[in-house]
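Reading through the structure tokens given below for one structure.
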Amino acid sequence: MEKEEKKFVNKAEEDEMEIYGYDLCRWKLVLVTVGVICSGGFLLLLLYWMPQWRVKATCKRTTLKDCEVVLLRTTDEFKIWFCAKVRFMPSLGASPLQNPNPIVHKVSNGHAVHFCESAAEENKNDLKKYLPIRYFTHHSVKYFWNDSVQSFDVIRGLGESTFCSSIHNEHRTGLTKEMHDYRKAFYGVNEIAVKVPSIFKLLIKEVLNPFYIFQLFSVILWITDEYHYYALAIVIMSVISIVSSLYTIRKQYVMLHDMVAAHSIVRVSVCRGNQEIEEILSTDLVPGDIMLIPSNGTIMPCDAVLLSGTCIVNESMLTGESVPVTKINLPNPSEYPKAMGDEIYSPEVHKRHTLFCGTNVIQTRFYTGELVKALVVRTGFSTAKGQLVRSILYPKPTDFKLYRDAYLFLLSLVVVAGIGFLYTVVNSILNEVPAHTIIIESLDIITITVPPALPAAMTAGIVYAQRRLKKIGIFCISPQRINICGQLNLVCFDKTGTLTEDGLDLWGIQRVENARFLLPEERACSESLLKSEFVACMATCHSLTKIEGVLSGDPLDLKMFEAIGWILEEATEEETALHNRIMPTVVRPSKQLFPESKQATNQEMELFELSTSYEIGIVRQFPFSSVLQRMCVIARVLGEKRMDAYMKGAPEVIASLCKQETVPVDFECVLEEYTKQGFRVIALAHRKLESKLTWHKVQTINRDAIESNMDFMGLIIMQNKLKQETPAVLEDLHKANIRTVMVTGDNMLTAISVARDCGMILPQDKVIIAEALPPKDGQAARINWHYADTLAKCTSSSPAINSEDIPVKLVHESLEDLQMTKYHFAMNGKSFAVILEHFQDLVPKLVLHGTVFARMAPDQKTQLVEALQNVE
């Protein structure tokens, strides 16, 4: 066979694997059968434990194109082997996203022409049109043969290489029945099936563990040597531990199955290519189907992108956050080619337009009588929920020092047993001991050196630990991983909602006029501020919505809106059915906020009511982005010709987007005063838009064009109290020598203040802020070091620390030294990114001694965790 170049599946992805092709070899099978018989079944056990040996012992290497069996090996540090059988599936085409070969040929006049003379010949020709598609299944995912890359590949849904314009122009009509059936052959049933293994399968898997096989060998040997009582005791212990382990594992499999299966099969309505609406089971959905979202909501059975209408969704199943999220339809770039460029649709990038599997659609809204439609992009195990379940069913191996040390310990015991075995054999031969006695005594040395009760004892400990975890609602289908919990030496915490309460209290506001801060004000709902731009920003710049008449949304937005006492009104179902989506959400002050009118005539009352009809319509919303650290809305006051842009977000970010002449000179100093006290500070900005911006232009304008040249309006100061149980939990972790780290999107000084309040940083400990600056104007990247307590941005000369005095240069990378130094490092997301790129040698030291990481974007949080895992 010609040497085939190395092939990969899931190239450049987390689960990348090398793939090799093999064919069954009859003479090798015969040899292996003989070997199994001669070894008393031990060879079969060995081949069961080592899949790569099994394949190489029974098959011969061949090309992937012709193979019957594939051998897979992960490319990570673990190099784990898997094998899978290649199967065949008849199909009219090679790819589900291409049109299948037509069974009946058509000519230009549209009439079908049959080229067969008899029915038998016609059937024969029809069968020829079916292609034998080769595939294999690994970890609940099907890999199909791909001729273009000459390897196996995962069949992707519509969320991998489909442009946004294509979603609207080519996929909007839905699938015909024939195309649906063709795709279903590839994608299979839309379900996330957690198969509960039978007791027999679980028993075989548990009993065929090398430890138990060794134990069986030991028991047989002891019975032969007349150690009946000891052998019986070990057998009873092993049976009890196996039975309890099987019971626990199976019960937790059943629980996972029931949890995943709940609400997974529902009846859904889909649009067919001929505009006909058909009701089918959700298990029959395939990528490309157009699903109608019912007005009373549903549990999403797949991942789908919204084509029309809006949905309010509870995504707590995926994110853990129970705050409702508003999803809007995916904009069509071909309708506004100048305003927005076309891009490839991605469920992760376009998550604001994507309904994820398992999430709960609470409420829908549609416009101009058009139904709320969503295009199915992923089904089954390729959905967000499916990938989550796969990570539970097939967890990544863990390379903990505990396991490495355990294997080294066993290896050393085997070496000692081997030396004892050889010594006993040689000594017995020299003393002319009978062969039967030599064999029993020599093997007895091995069973004594490696404790046979070890697996039973470990299983009993794990089962006991499982029961303790179960009492507090923690379940595990891979019990061996429980031992790893004892190896934890660091825990990362978010701040808001984790260490602190979910809710925030409005402490006060501090407005800016003529680039100067006014005195702090406790209430924002005073008569003088009623029609101010500051209050208008608080009233409009949020993502609140009404669900069954109750205002819902982000806790911060709720507190901010409640503080001004305004009313939010959304278009009713009847209104949205008659109008298009430009019909805005309206906010207005309640009548109680207006000054009370004295007794007046009817005419005066009418004038009063006219004067109180102050309403603001929210025309366009740019949602909050954790990467941008801000949100923005375009609104219009009733009766005004020009629209307004309002923005709120992280003070540093908002100030950078405002005209510098509107930002107070003591901005940083005032901000620092609040953040040092642990307050959460939000900045507001405003801009009057040009009169040429019409309603229609606003719907397609780029976000960057709005969020610039703003006028700085002031600060909202929110109080975020610690949870009552936080200090006690952190104290328990510290007593267990488990280090705690805060990773948050909030301000640096606020985070440090909270870290001190909760005991993460002790009062006597020093905090050093690492401020990393990227290369600029020919200067190399550098790091400035400051003590947090003496950091004073409002002074011209900030006290810096000499780099030679930085503890990170002096201490070693051990936790013991950390406790001696009493230093903590703190940095923000921008500094962390610069350090990762330009100061790789400092990363291990900084993350080892870093306690507060502020203004961190979601991807930076992932990078930090990976950096911490890489530190030995």
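Worth saying up front: this structure is predicted, and the values here are computed from it rather than measured.
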side-chain hydrogen bond (donor to acceptor under 3.5 Å, both in side chains) assessment of Thr75 paired with Glu16: CA-CA 6 Å; Thr75 56; Glu16 181 185 80; 3.0 Å; yes
May I ask you to test the [X]-[Y] pair for a side-chain heavy-atom distance under 4.5 Å?
X	Y	value
Lys28	Cys59	no
Asp153	Val9	no
Asp444	Trp222	yes
Tyr187	Leu285	no
Val154	Lys142	no
Val741	Leu490	yes
Lys184	Thr283	no
Cys83	Val70	no

Looking at [Y], is its backbone amide N or carbonyl O close enough to the side chain of [X] to form a donor-acceptor pair, meaning the two atoms are under 3.5 Å apart?
X	Y	value
Thr74	Ile80	yes
Asp23	Glu68	yes
Arg73	Phe82	no
Asn190	Gly380	yes
Ser428	Val425	no
Asp494	Thr744	no
Asp225	Ile440	no
Arg134	Cys67	yes
Thr137	Val141	no
Thr498	Lys495	no

Measuring from [X]:[atom1] to [Y]:[atom2], what's the distance to the nearest 0.5 Å?
X	Y	atom1	atom2	answer
Leu413	Leu408	CG	CG	11.0 Å
Lys195	Ser140	NZ	OG	7.5 Å
Glu315	Met300	CD	CE	11.0 Å
Asp15	Gln387	CG	CD	9.5 Å
Arg390	Lys385	CZ	NZ	15.5 Å
Leu29	Leu24	CG	CG	6.0 Å

ring-ring contact (aromatic ring centres under 6.0 Å, His included) against Tyr22, all qualifying residues, sequence neighbours excluded: none
Salt-bridge criterion met for Arg156 and Glu13 (N-O under 4.0 Å): yes
Residues Arg378 and Glu348 bridged, charged N to O under 4.0 Å: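 Here Arg378 pairs with Glu348 in a salt bridge, since their nearest N and O are under 4.0 Å apart.
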Nearest non-hydrogen partners of [X] and [Y], listed with the distance:
X	Y	value
Leu64	Gly21	CD2-N, 3.6 Å
Leu499	Leu722	O-CD2, 3.5 Å
Asp303	Ala384	OD2-N, 3.0 Å
Phe136	Val86	CB-CA, 4.3 Å
Lys7	Ser151	CB-OG, 4.0 Å
Ser442	Thr424	OG-CG2, 3.8 Å

Worked check of side chain to side chain contact (heavy atoms under 4.5 Å, CB included) between Ile738 and Asn489: CA-CA 4 Å; Ile738 294 174; Asn489 55 15; 5.6 Å; no
Tyr464 and Gln466: side chain donor to acceptor below 3.5 Å: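 No.
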Is it the case that over 12 heavy atoms from other parts of the model lie below 6.0 angstrom from the [atom1] atom of [X]?
X	atom1	result
Tyr423	OH	no
Glu725	CD	yes
Lys471	NZ	no
His228	NE2	yes
Tyr48	OH	yes
Arg467	CZ	no

Aromatic centroids of Phe381 and His139 separated by under 6.0 Å: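 Judged by ring-centre distance (under 6.0 Å), His139 and Phe381 do not meet the cut-off.
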Aromatic contact, Phe144 with Phe152 (centres under 6.0 Å): no
Evaluation steps, side chain to side chain contact (heavy atoms under 4.5 Å, CB included), between Thr58 and Cys25: CA-CA 6 Å; Thr58 57; Cys25 180; over 6 Å; no
Intermediate values then yes/no, side chain to side chain contact (heavy atoms under 4.5 Å, CB included), Met17 and Asn10: CA-CA 7 Å; Met17 292 179 287; Asn10 306 324; 3.9 Å; yes
Distance under 6.0 Å and angle within 45° of ring axis: Lys205 vs Trp49: no
Intermediate values then yes/no, side chain to side chain contact (heavy atoms under 4.5 Å, CB included), Glu18 and Leu72: CA-CA 6 Å; Glu18 296 172 13; Leu72 304 158; over 6 Å; no
Ile438: which of Leu443, Val433, Asn427 passes side chain to side chain contact (heavy atoms under 4.5 Å, CB included): Val433
